[in-house]
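Before any comments, here is the structure.
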Protein chains: 2
Amino acid sequence: MRAMSRSTILDAIRNAGLISRIDLARTTGFSQSSVTGLTAELIREQLIIEKKVGEYEGGRPPMLLSLNPDGAYVVGVNITFDTIVAVIINMEARVLAIQRTPIEKNRHSVADIADGIVRAVQACIWEANFSKEQISGVGIGIPGLVDSDSGIIRFMPNYNWENVNLRDLVQMQLKHPIYIENSSNTLAIAEQWLGEGKGVGNFLVVTLENGVGLGIVIQGHLYRGQSGTAGEFGHITIDPGGPPCRCGKNGCVESYAGNISILRAARIAAQNGDWKPQHPDITYDDVLNSALAGNTCLIDIFKTAGQKLGLGISHLITLFNPAKIIFTGRGVRAGALMFDSMDAQMKLHLSTKFGPSQTQIVIKHWNEKDWARGAGTLVLGELYKSPMSRMAGLGKTMSPPG
Amino acid sequence: MRAMSRSTILDAIRNAGLISRIDLARTTGFSQSSVTGLTAELIREQLIIEKKVGEYEGGRPPMLLSLNPDGAYVVGVNITFDTIVAVIINMEARVLAIQRTPIEKNRHSVADIADGIVRAVQACIWEANFSKEQISGVGIGIPGLVDSDSGIIRFMPNYNWENVNLRDLVQMQLKHPIYIENSSNTLAIAEQWLGEGKGVGNFLVVTLENGVGLGIVIQGHLYRGQSGTAGEFGHITIDPGGPPCRCGKNGCVESYAGNISILRAARIAAQNGDWKPQHPDITYDDVLNSALAGNTCLIDIFKTAGQKLGLGISHLITLFNPAKIIFTGRGVRAGALMFDSMDAQMKLHLSTKFGPSQTQIVIKHWNEKDWARGAGTLVLGELYKSPMSRMAGLGKTMSPPG
DNA sequence: ATGGTTATTTTAAAATCGTGAATGTATATA
DNA sequence: TATATACATTCACGATTTTAAAATAACCAT
C-alpha cells in the first residue's frame with residue numbers, strides 16, 4: 001500500500017528530473033503533508049536527495065528533489081553475436097564504467113558465455129575501483145526469447161540455443177541478484193525510464209540487429225504476452241515467398257531487414273558478380289560502407305529491407321496505435337538507405353481514413369553502451385519496487401570511489 | 001481506494017457466479033472480516049444478493065453470494081448495416097427484451113440513425129413494460145472508429161460517416177447516460193465479463209461482419225491505443241496487390257475477408273460467368289448458401305478469404321501472444337469454408353521455434369442479440385465502477401415488472 | 001529591518017481501510 | 001441434546017492518509 005505511494009512519488013521525480021515538493025503534491029495528487037512524509041522517508045533511505053534550491057517565485061524558493069544518483073549502483077550486461085558489454089550504472093542510469101569482452105568464434109556454449117559474463121562483470125567492477133558490495137544487482141539482456149521469471153532462454157538464434165538456463169550458471173558464480181530479459185524489452189524499459197518513452201504511455205521499441213526485435217510498452221507497462229512470447233515482430237511473415245529465416249519460415253521481417261539477412265543478400269549479389277567486395281570474408285559493416293559509398297546494387301538491398309520493414313511497421317501502427325516507435329540497434333546506422341524506403345512504404349499502407357498517423361517515429365543514434373545500460377535499468381526498476389532489497393546497507397556512504 | 005476493493009470483490013463474484021464469503025476471502029486475499037464488510041456494503045446497494053445456502057461441509061453451511069440480476073437494467077444498442085437491435089439486459093447481462101428495427105435504404109443520415117436508436121430504445125422499454133426510470137443507461141455499439149470519450153464517430157465505412165457526433169443527437173432525446181463504443185470493443189468487454197474472456201488476462205476478439213474488427217484486452221483492460229485507433233486489424237495490408245478496400249488502400253484483411261468483399265468477389269464471378277446466381281440482386285447470404293450447397297467457385301472465394309485472414313491472425317498471435325482469439329460476427333457462419341483454410345495458413349506462418357502456439361482459437365456461434373448485449377455490458381461496467389451513478393434510486397424495489 | 005509572498009514543515013484531529021481475535025451462528029452427527 | 005465444525009460477524013486496533021491550521025523558512029522589495 002505505502003509501496004504504491006512511494007512508487008508514485010519516485011515515478012514523478014524520475015519523470016520530472018528535478019521537482020519541488022509542492023509540485024509533487026500537484027502532479028501526484030497527494031497532500032503537501034503526505035508528500036513531506038513520503039519524501040522524508042525516501043531521503044532517509046537515500047533514494048532521493050535535495051539537489052538544489054529552485055527559482056525564486058515570490059516567496060520561499062522551492063527545494064528541488066531528484067533521484068540520488070549514488071543511491072545504488074548496478075551492472076548491466078548485454079550479449080550480442082560477438083561481444084559481451086558490461087557497464088556499471090548509477091541510479092540515474094548514467095554509465096560509470098564499461099567493459100567490452102569479445103566472444104571468440106565457436107566459443108559460445110552456455111557455459112562459455114556464462115563464464116564470459118562473470119568475468120566481464122568482475123573486470124568491470126574491478127577496473128572501476130568498485131567493491132562488489134556496492135553493486136545491488138546484475139541485469140542481463142539477451143537477443144532471444146527469454147522467460148524472465150524462470151530465467152530460461154527458450155530460443156536464441158545467434159547461437160541456436162534452446163531452453164538453456166544461463167541465469168543459474170551465472171548465479172553460481174555471482175552472489176548478486178540477477179535478472180535476465182530479452183534485449184528489446186530491456187531497451188523498452190530503459191527508454192521508458194530515461195529516454196524517449198519518459199511519460200509516454202504506449203510506445204514500441206524496434207531493435208535492428210542480426211534479428212529484428214520488438215519491445216512493447218502499453219499503458220506504462222512492459223507487455224510480454226500471455227506466455228512471454230509477445231513482440232516477435234521479426235517473425236511475422238511479410239512475403240510468404242521470401243527468403244528463408246532462422247525461425248524456420250520464409251519471408252519474415254527479419255529475413256529482409258535483419259543485419260545478417262542483409263549480409264546474406266550481399267553475399268549472393270557478390271556470387272552473382274553484381275558486386276565485387278574488397279575481400280572474400282565480408283561483414284555487415286563492409287556491406288554498409290560500400291552501400292554508403294554508393295554501390296547501387298547494395299543500396300537496392302537496403303532499399304528492399306526498408307520496404308519490407310515499412311510494411312511491418314504499418315501493421316504495428318495499425319494494430320497498436322502507439323504514441324511513438326523508437327528504432328535502435330546497429331542496423332539504424334544504415335540511416336536513409338533503409339529508412340527512406342521504410343517511410344514511404346509505411347505511409348503507403350496506413351489508411352488516411354483514420355486521420356493522420358499520430359505515431360512519432362524516432363530513430364536513435366546507435367550506441368553500444370545503451371544496450372548494456374538498458375539491461376541495468378531492469379535492475380533499477382526492481383530496486384525502486386522494493387528498495388529494502390538493496391545489497392548495500394542503508395547506513396553506508398555510497399559515494400562512488402572513482 | 002475502497003472502489004478498488006469493491007471492484008475486486010465484484011469481479012470475484014462475477015467470475016465465480018456463486019461464491020461464499022469465505023471463498024471470497026480466499027480468492028481475493030482479503031480477511032474474512034473485510035469481506036463481510038465489503039459484501040454488506042454491496043448488498044445494501046443491491047449490487048449483490050445472498051442467493052442461497054451452499055452445501056454443508058461439516059459446520060455452518062456457507063451463504064452463497066451472486067450478482068443481483070435485478071440490481072439494475074440497461075439498454076444495449078447495436079447498429080449494423082441494415083438493422084438497429086436494442087435489448088434490455090439485467091445485471092447478469094441476461095437479455096430480457098429485444099427490439100429489431102430495420103434501417104430503410106438510403107435513410108442513414110446521422111439524424112435518421114439517431115432517431116432510429118431513440119425509437120428502438122423507447123419501443124424496447126415500452127414493450128417490455130419497463131419504466132424509463134428503471135433503466136440506468138444506454139450503450140451503443142458502432143461498427144467503426146469511435147472516440148468513446150468525446151462520443152465522436154471518426155469513421156464509419158458502412159454509411160461513409162466521418163467525424164459525426166451521434167451520441168449528442170441521441171442524448172438530446174434520451175435523458176439516460178449514454179455510452180458509445182466500437183462494436184468489437186463492446187464485444188471484447190462482454191466476453192471478458194461473461195463469456196470466453198472471463199478470467200483471461202490477454203485475449204482478442206475478431207469480428208467478421210461487413211468489416212473485420214478487433215477488440216484487444218491486455219492485462220485485463222480494453223486497449224484502445226494512444227489516440228483510440230488501435231485494433232484496426234481489418235486494415236492491415238496483407239497483399240499490396242490485392243483488391244481495393246473501403247479504407248482507400250488495397251489488399252487489406254477486410255478487402256478479402258469482410259462480408260461485402262466476399263459478396264463483391266462473388267458478383268465478379270457472376271459477371272465472368274463462373275457462377276449463375278438465382279436472381280440478380282444477390283446478397284452475402286445467397287453467396288454463403290450457394291457455397292454451402294457446394295458451388296466450387298464460391299467455395300474458392302471463402303477459401304481465399306480464410307487464407308488471407310489466417311496470415312493476418314498469425315501476425316496477431318506473433319505480436320500479441322494472446323491466450324485466446326475469439327471469432328464472432330455474421331461471417332463466422334461460413335464455418336469450415338473459411339476457418340479450415342485460415343487454420344492451415346495460420347499454422348504455416350507461426351514459427352515452431354517459439355514453442356507450440358499457446359493461443360486458443362474460439363469460434364462463437366453467431367447471434368444477433370450478443371452484439372446489442374455487448375453494447376449493454378459497456379454500461380454495466382460503468383455501473384460497477386461507481387454504483388452511485390445508477391439512475392434508479394437505491395431504496396426502490398427493482399424487481400422486473402414483466 | 002520590515003513586510004509580503006511563497007514553500008515547506010509540523011501538528012493535531014479525523015477519516016478510511018483492513019486485520020486479528022474473539023464471539024456468534026448454523027448445521028450434521030454422535 | 002451435546003459437540004464438532006465451518007462460516008460469519010463484531011469490535012478494538014494499527015497503519016496510512018487527509019484536512020486544516022499554524023509555524024517556520026527563505027527570499028525580495030521597500
Side-chain angles (χ1 to χ4, degrees), chain A residues 1-13 16-45 47-68 384-388, chain B residues 1-13 16-45 47-68 384-388:
Chain A
M1 297 273 138
R2 81 182 154 290
M4 228 185 65
S5 303
R6 293 166 48 104
S7 250
T8 308
I9 295 285
L10 280 170
D11 283 349
I13 295 176
L18 214 52
I19 189 171
S20 68
R21 288 179 176 83
I22 195 124
D23 282 341
L24 272 178
R26 279 194 272 264
T27 56
T28 61
F30 284 114
S31 69
Q32 288 186 31
S33 37
S34 300
V35 170
T36 294
L38 288 165
T39 53
E41 195 177 307
L42 293 169
I43 287 172
R44 211 177 315 125
E45 291 171 11
L47 283 172
I48 64 176
I49 52 171
E50 296 191 327
K51 184 90 168 200
K52 63 169 187 177
V53 177
E55 291 261 306
Y56 170 75
E57 288 187 61
R60 173 174 176 172
M63 176 58 73
L64 300 182
L65 305 173
S66 73
L67 299 186
N68 178 9
Y384 268 24
K385 279 186 211 152
S386 57
M388 308 314 163
Chain B
M1 298 270 140
R2 77 182 157 291
M4 228 187 64
S5 304
R6 293 166 49 104
S7 253
T8 308
I9 295 286
L10 279 169
D11 283 349
I13 295 176
L18 214 53
I19 188 171
S20 67
R21 286 180 177 83
I22 193 122
D23 283 340
L24 272 178
R26 279 194 271 263
T27 55
T28 61
F30 284 114
S31 68
Q32 288 187 32
S33 39
S34 299
V35 170
T36 295
L38 288 164
T39 52
E41 195 177 307
L42 294 168
I43 287 171
R44 210 176 316 124
E45 291 170 11
L47 283 171
I48 64 174
I49 53 171
E50 295 191 328
K51 186 89 169 202
K52 62 171 189 177
V53 177
E55 292 260 306
Y56 170 77
E57 288 187 62
R60 175 175 176 172
M63 176 58 73
L64 300 181
L65 305 172
S66 73
L67 299 186
N68 179 9
Y384 267 23
K385 279 186 213 154
S386 57
M388 308 313 163

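Throughout, protein chains are lettered first and strands after them, A, B, ... in sequence-line order, and every chain is numbered starting at 1.
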Let me know the distance between [atom1] of [X] and [atom2] of [N], rounded to the nearest Å.
| X | N | atom1 | atom2 | result |
| --- | --- | --- | --- | --- |
| B:M63 | C:dT27 | CE | C1' | 13 Å |
| A:R44 | C:dT9 | CZ | C1' | 14 Å |
| B:E50 | C:dT25 | CD | P | 15 Å |
| B:E41 | C:dT16 | CD | C1' | 11 Å |
| B:E55 | D:dC7 | CD | C1' | 15 Å |
| B:R26 | D:dA6 | CZ | P | 10 Å |
| B:I43 | D:dA8 | CD1 | P | 10 Å |
| B:I22 | C:dA26 | CD1 | P | 16 Å |

Under 4.0 Å, counting only non-hydrogen atoms across every strand here, what does A:S33 touch: a base, just sugar-phosphate, or nothing?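 Base contact.
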Look at all strands and tell whether B:Q32 reaches a base, only sugar-phosphate, or nothing, counting heavy atoms closer than 4.0 Å.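 Answer is base: heavy atoms of B:Q32 come under 4.0 Å of a base.
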Measure from the side chain of B:F30, starting at C-beta and using heavy atoms only, and say which of C:dT19, C:dT8, D:dT17 lies closest. C:dT19
Per-nt protein contacts along nucleotides 25-30 of chain D (heavy atom under 4.0 Å; B base, S backbone sugar-phosphate only, - none) come out as BBBS--
What pair of heavy atoms forms the shortest contact from B:L65 to B:I13, and how long is it? O-CG2, 4.2 Å
A:S20 versus A:P62, closest heavy-atom pair with distance: CB-CB, 3.4 Å
Quiz item: B:S5 side-chain donor-acceptor pair to C:dG18 base, under 3.5 Å: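 No, the side chain and the base share no sub-3.5 Å donor-acceptor pair.
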Please determine if a side-chain N or O atom of [X] lies less than 4.0 Å away from the OP1 or OP2 oxygen of [N].
| X | N | value |
| --- | --- | --- |
| B:T36 | D:dA8 | no |
| B:S31 | C:dT19 | yes |
| B:R21 | D:dT9 | yes |

Could you pull out all residues at least two apart from B:E50 that satisfy side chain to side chain donor-acceptor pair (under 3.5 Å)?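 B:E50 satisfies side chain to side chain donor-acceptor pair (under 3.5 Å) with B:R21 only.
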Can you find a pair of side-chain heavy atoms, one from A:I43 and one from A:I49, that are under 4.5 Å apart? no
